[in-house]
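Data first, discussion second: the structure below is written as C-alpha cells.
We're numbering straight along the sequence, starting at 1. When reading the values below, keep in mind they use all heavy atoms of this one structure, side chains included, and skip hydrogens, waters and symmetry mates. Atoms within each ligand, like the ligands themselves, are counted from 1 in listed order.
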Amino acid sequence: MEISKEVLQIAEILKQNGHQAYLVGGCLRDLIMEREPNDWDVATDAKPDVLLELFPDSVYENEFGTVGVKTESTDPKLKVIEVTTFRVEEAYTDKRRPDKVHFTKKIEDDLSRRDFTMNALALSLTQSDAEILDPYGGLADIQAQIIRAVRDPHERFSEDALRLMRAVRFSAQLGFKIEKGTESALAKHAPLLAGVSQERIRDELTKLVMSSEATEGIRHMVSTDLLKYVIPELLEGVNCEQNKHHIYDVFEHNLKSLEYSVNQNYSLVVRLASLLHDVGKPATRRWKSDPRGAKQQDGKAGDWTFYGHQVVGAKISKKILQRLKYSKEIIERASLLVREHMFVYDPEVVTLAGVRRLRARVGDENLEDLIKVREADRIGSGVPKAQPYRLRYLQAMLEKVKTDPISPKMLAIDGGALMTELGIQPGPRLGHIIAGLLESVLEDPNQNTKDNLLSLAKTLNNLSDKELEQIRAKGKEKAEATQEYIDEEIKKKYFVT
Ligand code: ATP
Ligand code: MG
C-alpha cells in the first residue's frame with residue numbers, strides 16, 4: 001500500500017514553505033496493517049490561515065482549524081484531504097467537544113491528545129529517511145492486535161465519551177482485542193455517552209454495523225453497557241421468550257438476523273432493518289391459552305403471540321433512527337422494511353392481487369431488500385434454508401405481476417381527466433375515487449382501460465362523501481384482517497412465524 005500522490009503533493013508544498021507535514025491517525029495505522037485507508041489525514045505546524053493561503057482551493061472543515069484541501073482526484077477518499085494544525089485540546093466541560101484548542105509546534109504534543117495508541121503514530125512526509133514516531137507503543141499494539149488508550153483511559157474517556165464507541169467500533173472493524181484497563185474503563189464511563197451528540201454516535205454505529213464483526217460489536221456494546229445509551233429499545237428483547245418456533249429470545253434473534261445480513265454483505269439499510277425487525281415484539285407479546293399449545297404458563301398450555309409487532313416495530317425503529325439523525329431516506333426505507341417483513345408468501349394463500357398490493361405498499365425499489373430481510377429473519381430463527389420453495393414461489397409471482405399497474409399514476413385515466421369528466425375539484429373526494437379505481441385495478445389489471453375506469457368513477461361519484469370514506473376504510477380493514485387471518489393459518493399449517 002502506498003501513500004497517495006495527492007497527499008505527497010500537499011506535503012511538498014508545505015515543505016517548500018518551510019513547514020512540517022506528517023501522515024497521522026487512521027491512515028497510517030491502516031497502511032501499516034496493509035488495509036485501505038478510509039480517509040487521509042495530514043498534520044502540520046502551519047496555522048490554518050497559512051494553510052488557506054498556501055492552498056487556495058481549501059475550506060475550513062470545522063471550528064478546530066482543520067482545513068480541507070481539495071485535490072484533483074476523483075476518488076471520494078482523496079477529493080478532500082484534511083490538513084490539521086498540531087494541537088492540544090483542553091477541558092471538555094460538556095463532554096462533547098473541547099472548549100478550547102491550542103495550537104502547538106510539536107508533533108509529540110499533538111499525538112498525546114489522540115485516542116488510542118494505534119492512532120497516535122506519525123510519519124514525517126517532509127524529512128527524508130524519517131522513521132515512524134511512536135511515543136505510546138502503537139506499533140507493538142498493532143502487531144499484538146490490541147486497542148489501548150493513550151496514557152490514562154479514564155482521562156481519555158471522560159474527555160470525550162465518543163471514544164467509548166470508537167473503541168468498540170475499532171475492535172469490530174479490525175478484529176482487535178481491547179486491553180484490560182481500557183476495557184474496564186468502558187463500562188465505568190458508559191453513562192457519559194448520554195452527553196455525546198447523536199450524529200457522532202451514529203457515524204460510529206454505522207461503521208460498527210458495516211464491519212465484518214458487527215454482531216460481536218453489538219454484543220460488546222451490551223457487555224460494556226454502551227447499548228443502553230445508544231439503542232436501549234433492543235435490550236427489551238433480552239430474555240423475552242418467543243413462541244415454540246424460536247430457539248432464541250427476541251434480542252438474540254435480532255442479532256442472529258443481523259449476522260446473516262453481515263455475512264451476505266448486505267447494505268446498511270438491510271443490516272439496520274435486520275437488527276431492528278423484531279424490536280416491536282416485547283411490547284406486543286401476549287399469552288394465548290390453547291390446550292394444544294406447546295408451552296406452559298401457570299400450569300396452562302398455550303404459547304406467545306406478537307400480533308402487530310411489525311407495525312409497532314416500524315414505529316420504534318423510526319424513532320430510534322430519527323434520534324440517531326440518520327438520513328430521511330434511511331429512516332423511511334429501514335422502517336418500511338420492518339413494517340412489511342411479515343409479508344405473506346405461502347403458495348396456497350398468496351394471490352396475484354395480494355402480490356400486486358405488496359408491490360404497491362413496498363415499492364419495487366425496496367422489494368429485493370424486503371426479501372433479504374425476510375431471509376435474515378428466517379436464518380436468524382435457526383431455520384436452515386434462507387430461500388425455501390415458498391419464498392421462491394413469491395419471487396416468481398412478483399415476476400408475473402412485474403408490469404401490472406400498481407400506482408395511481410399508472411391508471412389509464414389521470415386526475416385531470418377525472419376532474420373534467422366528473423366535474424369535481426381536487427380534494428379528499430377525488431382521492432377516494434382514485435383509491436377505489438386503484439383497488440379494482442390491483443384486483444384485476446384488465447380493468448385498467450379508460451372507458452372502464454371512467455364508468456367505475458362515475459358510479460363511485462354517485463356516492464356521498466361519507467359512503468366513499470367508509471368504502472375506503474373498509475377496504476383497508478379487510479386487507480389488514482386478511483393478513484392476520486393468513487398469518488394465523490400459515491402458522492398453524494407450516495409452523496412458520
Ligand atoms: P477511520 O478508519 O474511521 O477513518 P480513524 O482512526 O482514521 O478511523 P478518524 O475519525 O478519521 O479516525 O480520525 C483520524 C485520527 O484523529 C484518529 O486516528 C485519531 O488519531 C484522531 N481522532 C479522531 N477522533 C478522535 C477522538 N474522538 N479523540 C481522540 N482522537 C481522535
Ligand atoms: Mg480516518
Side-chain angles (χ1 to χ4, degrees), residues 1 3-4 7 22-44 61-68 75-92 94-98 101 107-123 132-139 141-142 147-176 182 185-186 189 192-193 195-197 199-212 217:
M1 210 72 76
I3 299 172
S4 82
V7 169
Y22 286 87
L23 199 62
V24 286
C27 57
L28 185 52
R29 174 200 71 222
D30 290 338
L31 287 178
I32 293 164
M33 292 180 65
E34 296 181 2
R35 283 169 60 101
E36 193 194 340
N38 174 45
D39 45 25
W40 294 84
D41 291 304
V42 173
T44 179
E61 290 268 289
N62 57 35
E63 64 224 87
F64 312 112
T66 299
V67 169
D75 179 345
K77 289 174 178 172
L78 286 164
K79 263 188 186 156
V80 177
I81 295 184
E82 295 200 338
V83 183
T84 310
T85 310
F86 299 155
R87 63 191 201 210
V88 279
E89 285 153 11
E90 293 204 334
Y92 285 65
D94 69 351
K95 301 279 179 276
R96 287 169 191 249
R97 292 284 195 180
V101 175
I107 179 73
E108 288 79 6
D109 294 340
D110 182 275
L111 294 179
S112 75
R113 59 129 182 130
R114 292 178 182 266
D115 48 7
F116 305 110
T117 60
M118 63 183 184
N119 291 342
L121 304 167
L123 176 65
I132 291 177
L133 286 179
D134 178 20
Y136 303 104
L139 286 173
D141 282 343
I142 290 175
I147 296 167
R148 185 195 311 269
V150 166
R151 301 177 288 140
D152 180 30
H154 297 281
E155 273 176 28
R156 289 296 79 68
F157 292 143
S158 8
E159 279 163 0
D160 179 6
L162 185 73
R163 293 168 185 166
L164 301 161
M165 279 296 291
R166 284 173 61 86
V168 174
R169 180 266 282 195
F170 282 127
S171 172
Q173 223 175 22
L174 306 174
F176 283 19
T182 305
L186 288 175
H189 296 286
L192 294 179
L193 259 191
V196 176
S197 81
E199 290 88 341
R200 296 179 79 209
I201 292 179
R202 173 205 60 210
D203 289 346
E204 292 300 324
L205 181 71
T206 298
K207 286 178 179 173
L208 185 150
V209 166
M210 291 311 291
S211 76
S212 60

Fill in: Part of Phe116 within contact of ligand 1 (heavy atoms, under 4.0 Å)
neither
Discussion item. Does any part of the side chain of Arg35, heavy atoms only, come nearer than 4.5 Å to the side chain of Leu174, both counted from C-beta?
Written reply: yes
Fill in: Proximity of Asn119 to ligand 1 by residue part, where a heavy atom lies under 4.0 Å
both
Worksheet item: For Asp39, what residues pass the side-chain contact (heavy atoms from CB on, under 4.5 Å) criterion, not counting sequence neighbours?
Response: Asp41
Worksheet item: Which protein N, O or S atoms sit under 2.8 Å from the Mg ion (ligand 2)?
Response: Asp39 OD1
Worksheet item: If we only count heavy atoms from C-beta on, is the Asp110 to Val88 side-chain gap below 4.5 Å?
Response: no
Practice prompt. Would you tell me whether Arg114 and Asn119 have side-chain atoms, one donor and one acceptor, within less than 3.5 Å of each other?
Written response: no
Practice prompt. Using a strict 4.0 Å cut-off to heavy atoms of Phe170, name the atoms of ligand 1 that fall inside it.
Written response: 6 (O), 8 (O)
Fill in: Close approach of Gln173 to ligand 1, heavy atoms, under 4.0 angstrom
no
Fill in: Validation row: Glu82, Val42 side chains within 4.5 angstrom (heavy atoms)
no
Discussion item. So Ile32 and Ile132, do their side chains get closer than 4.5 Å, heavy atoms only?
Written reply: yes
Discussion item. Is Glu82 close enough to touch ligand 1? Criterion: a residue heavy atom under 4.0 Å from a ligand atom.
Written reply: no
Fill in: ligand 1 contacted by Arg200 (non-hydrogen, < 4.0 Å)
yes
Response to the item:
Sequence neighbours excluded, the answer for salt bridge (Lys or Arg N to Asp or Glu O under 4.0 Å) partners of Asp115 is Arg166
Worksheet item: Going by an N to O cut-off under 4.0 Å, is there a salt bridge joining Glu159 and Arg113?
Response: no
Worksheet item: Short list, please: which atoms of ligand 1 are under 4.0 Å from a heavy atom of Arg113?
Response: 29 (C)
Discussion item. Using side-chain heavy atoms (C-beta onward) and a distance below 4.5 Å, is Leu186 in contact with Val168?
Written reply: yes
Practice prompt. Using atom types as modelled and distance alone, determine if a side-chain donor or acceptor of Asp141 lies under 3.5 Å from a backbone N or O of Ile147.
Written response: no
Discussion item. If the cut-off is 4.0 Å to any non-hydrogen atom of Arg163, which atoms of ligand 1 fall inside it?
Written reply: 26 (C), 27 (N), 28 (N), 29 (C)
Discussion item. Check for me whether Arg156 has a heavy atom closer than 4.0 Å to any atom of ligand 1.
Written reply: no
Item to complete: Return the set of residues passing side chain to side chain donor-acceptor pair (under 3.5 Å) with Thr206 (not counting sequence neighbours), or none when no residue passes.
Response: Tyr326
Fill in: Closest candidate by heavy atom, reference atom 14 (C) of ligand 1, pool Asn38, Asp39, Asp41
Asp41
Worksheet item: Would you say ligand 1 has an N or O under 3.5 Å from any N or O of Gly26?
Response: yes
Discussion item. Check for me whether Met118 has a heavy atom closer than 4.0 Å to any atom of ligand 1.
Written reply: no
Practice prompt. Check Arg166 against ligand 1 and report side chain, backbone, both or neither, counting heavy atoms closer than 4.0 Å.
Written response: side chain
Discussion item. Any non-hydrogen side-chain atom of Tyr22 less than 4.5 Å from a side-chain atom of Leu28?
Written reply: no
